[in-house]
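Quick notes on the structure that follows.
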There are 2 protein chains.
Amino acid sequence: MAANLLNARDMALHACLCAASRPLSAYDLLDARRAAEPRIAPTAIYRSLTKLEKAGLVQRVATLNAWIARPPKLPAEPSVLAICDSCGAVEQVAEAGVIQAVTDAVTRSGFHPNRPVIEVHGHCTRCESETDPIRSAPR
Amino acid sequence: MAANLLNARDMALHACLCAASRPLSAYDLLDARRAAEPRIAPTAIYRSLTKLEKAGLVQRVATLNAWIARPPKLPAEPSVLAICDSCGAVEQVAEAGVIQAVTDAVTRSGFHPNRPVIEVHGHCTRCESETDPIRSAPR
DNA sequence: CCCGAAGATGTTATAGAGTAACATCAAATG
DNA sequence: CATTTGATGTTACTCTATAACATCTTCGGG
Ligand SMILES: [Zn+2]
Ligand SMILES: [Zn+2]
Ligand SMILES: [Zn+2]
Ligand SMILES: [Zn+2]
């Protein structure tokens, strides 16, 4: 056995996500991959993404139905995602304490947490400074 | 103007979600509603759900592509969701402090939070006590 | 009362995300 | 070599969500 290693396609998809400034959908990746593999199907993309996710190299963005590459540090654990609704950029906030606080909270009510998903929509620093000084609709 | 009030259909969909023990997809609701309105289309369901969401009466479960009714208390604010992957039940944990901790964390990195989505998958008390004493696959 | 504007709702069609099922291939094992 | 087992290819489909446009309703100004 032991064929859970990443192949050239997996690496290519990961490189795609690393190069992107925004999350990519599985079908974005499919289109990108078609240049090298014209007959590739969605199934193959999803199989690669599952493998990469298990390896801690990519993370799904549930509220966008899209995927991001994880930074080389902290390979396995999930991140808190800060998603800018203006420019689409996603920042991965490594706040282990916050994740712990969330799992503690649900544990307190008898729940047995396993996979936390924490995504915050809003605006990144750049977009906020561009749009907010104007302040539309005060009442 | 002022027709953002809930109509009979909205109320019926909300009642549907209230009666369910698990989240329902928009198409579950569509099927349920077909009994009363045979020609109703997905668009109408989504329009109702958007209205109900704005009213704080329902909440979307991003990681399930499904919807739940919110308890009558705390009508507007989002909840931390504890989602049992065995029985499908979703508990809404009213932990304002935890949500604050999450928004604080992203604010600390310069982000301007607007809509937090916090969903924790795992097992509820009942399912955990049913399955875990057996302890399968120790090695 | 008539008319137009603005919003709500109906209707059709389509886009987008994800998976089931099965065929085929490749490697390991003895 | 023959068998088995997992990976990959291929087809077709299900499920989720929205675009686009038609129609109807409501309401205020003339
Ligand atoms: Zn931005
Ligand atoms: Zn802002
Ligand atoms: Zn359960
Ligand atoms: Zn468990």
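Throughout, a chain's letter reflects where its sequence line sits, starting with A, and its residues are numbered from 1. Everything numeric in this text was worked out from a predicted model, so none of it was measured.
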| query | Whole-Å distance between dT18(D) C1' and Leu30(B) CG? | reply | 14 Å
| said: Taking 4.0 Å as the cut-off, does a side-chain nitrogen or oxygen of Lys51(A) come that near to OP1 or OP2 on dG6(D)? | reply: no
| Taking for each residue the nucleotide of DNA chain C bearing the nearest heavy atom, is the 5' side occupied by Pro42(B) or by Arg60(A)? | Pro42(B)
| query | Does the dT8(D) base have a donor-acceptor partner in the side chain of Thr43(A) within less than 3.5 Å? | reply | no
| request: Looking at every strand, decide which applies to Asn7(A) at a 4.0 Å heavy-atom threshold: base, sugar-phosphate, or nothing. | output: sugar-phosphate
| query | Gly110(B) and Thr125(A): which non-hydrogen atoms are nearest, and at how many Å? | reply | O-OG1, 2.7 Å
| Enclosure of Arg33(B) CZ (heavy-atom neighbours >12, cutoff 6.0 Å) | yes
| task | Rounded to the nearest angstrom, tell me the gap between atom CD1 in Ile40(A) and atom C1' in dT11(D). | result | 15 Å
| task | Look at the side chain of Tyr27(B) and the base of dA17(D), then say whether one donor and one acceptor between them are separated by less than 3.5 Å. | result | yes
| Quick one: is Tyr46(A) getting a side-chain N or O under 4.0 Å of the dG18(C) phosphate, OP1 or OP2? | yes
| field | Value in whole Å for how far the P atom of dT8(D) lies from CZ of Arg9(A) | value | 7 Å
| Is any side-chain N or O of Arg47(A) under 3.5 Å from a base N or O of dG18(C), one able to act as donor and the other as acceptor? | no
| remark: Separation of dA7(D) atom C1' from Leu52(A) atom CG, nearest Å, is 15 Å
| said: Measure CZ/Arg33(A) against P/dG9(D) and give the value in whole Å, please. | reply: 11 Å
| query | Atom CG of Leu49(B) and atom C1' of dT9(C): how far apart are they, to the nearest Å? | reply | 15 Å
| said: Distance check needed: dT16(D) P versus Leu64(A) CG, whole Å only. | reply: 18 Å
| task | Identify the heavy atoms of Ala26(A) and Ile45(A) that sit nearest to each other, and give their distance. | result | O-CG2, 3.6 Å
| Nucleotide dG7(C), atom P - distance to CG of Leu5(B) in whole Å | 15 Å
| Intermediate values then yes/no, salt bridge (charged side-chain N to carboxylate O under 4.0 Å, His left out), Arg60(B) and Glu53(B) | CA-CA 8 Å; Arg60(B) 202 178 106 93; Glu53(B) 191 175 42; over 6 Å; no
| field | Presence of Asn65(A) side-chain N/O under 4.0 Å of dT16(D) phosphate oxygens OP1/OP2 | value | no
| request: May I ask you to decide if Leu81(A)'s main-chain N or O and Ser79(A)'s side chain share a donor-acceptor pair within less than 3.5 Å? | output: no
